[in-house]
Amino acid sequence: MRLLHIPVTAAVTLSIAGFSYSQFDARELERKAQVVADKATCRAVNSAIVAYVGINGNDPKAITDLNGYLDGDISSYRVVRGRAAGPGCA
């Protein structure tokens, strides 16, 4: 092995380690996870509709009627014939 191979190998190893560490940004991963967790699912919205009907005895007229029945962003959903319509709904 030549003496030149040692610093080149060390430089490559350190650059790979530095790049790998830079890609593992815990704060950024936590922020992305929170964004995903804040979004409601179609199943959760349907469950909120069931809870609303059980308490009020009638279907919600608008998605804003479900505020307080579930957490998360439900602005991309709407209520159609007593069921949730929006992302992920069949």
Side-chain angles (χ1 to χ4, degrees):
M1 178 181 252
R2 294 190 177 172
L3 198 55
L4 181 61
H5 291 138
I6 294 172
V8 170
T9 303
V12 170
T13 302
L14 289 175
S15 66
I16 291 172
F19 177 76
S20 298
Y21 182 76
S22 71
Q23 296 304 305
F24 183 70
D25 184 4
R27 287 189 184 132
E28 180 67 16
L29 292 174
E30 181 179 351
R31 187 192 64 76
K32 287 179 182 178
Q34 189 63 44
V35 167
V36 171
D38 285 343
K39 293 183 181 179
T41 63
C42 188
R43 178 178 280 172
V45 175
N46 276 326
S47 296
I49 291 171
V50 170
Y52 181 91
V53 171
I55 292 171
N56 298 301
N58 56 348
D59 291 345
K61 302 297 180 214
I63 199 70
T64 56
D65 293 340
L66 300 177
N67 289 340
Y69 287 89
L70 74 159
D71 293 331
D73 181 16
I74 59 172
S75 61
S76 59
Y77 293 93
R78 60 191 189 288
V79 178
V80 178
R81 294 190 302 269
R83 297 198 55 160
C89 300

Checklist entry - Minimum heavy-atom separation for Asn46 to Ala84, with atom names? => result OD1-N, 2.9 Å
Next on the checklist: Grouping I, L, V, M, F, W and Y whenever their side-chain heavy atoms are under 4.5 Å apart, do Val50 and Tyr69 come out in a common cluster?
Outcome noted: no
Item to check | Heavy-atom pair with the smallest gap, counting every atom of Ala85 and Val80 | outcome: CB-CG2, 3.7 Å
Checklist entry - Has the side chain of Tyr52 got a donor or acceptor atom that lies under 3.5 Å from a matching backbone atom of Asp59? => result no
Item to check | Pairwise distance CD1(Ile63) to CD1(Ile49) - rounded to 0.5 angstrom | outcome: 6.0 Å
Item to check | Which atom of Pro87 lies closest to which atom of Cys42, heavy atoms considered | outcome: O-CB, 3.9 Å
Item to check | Contact check, side chains of Lys61 and Val79, non-hydrogen atoms, under 4.5 Å | outcome: no
Next on the checklist: As an exercise, state the distance from OG1 of Thr64 to CD1 of Ile74, rounded to the nearest 0.5 Å.
Outcome noted: 8.0 Å
Checklist entry - Partners of Asn58 by side-chain hydrogen bond (donor to acceptor under 3.5 Å, both in side chains), sequence neighbours excluded? => result none
Next on the checklist: Rounded at 0.5 Å granularity, tell me how far OH in Tyr77 sits from CG in Leu66.
Outcome noted: 12.0 Å
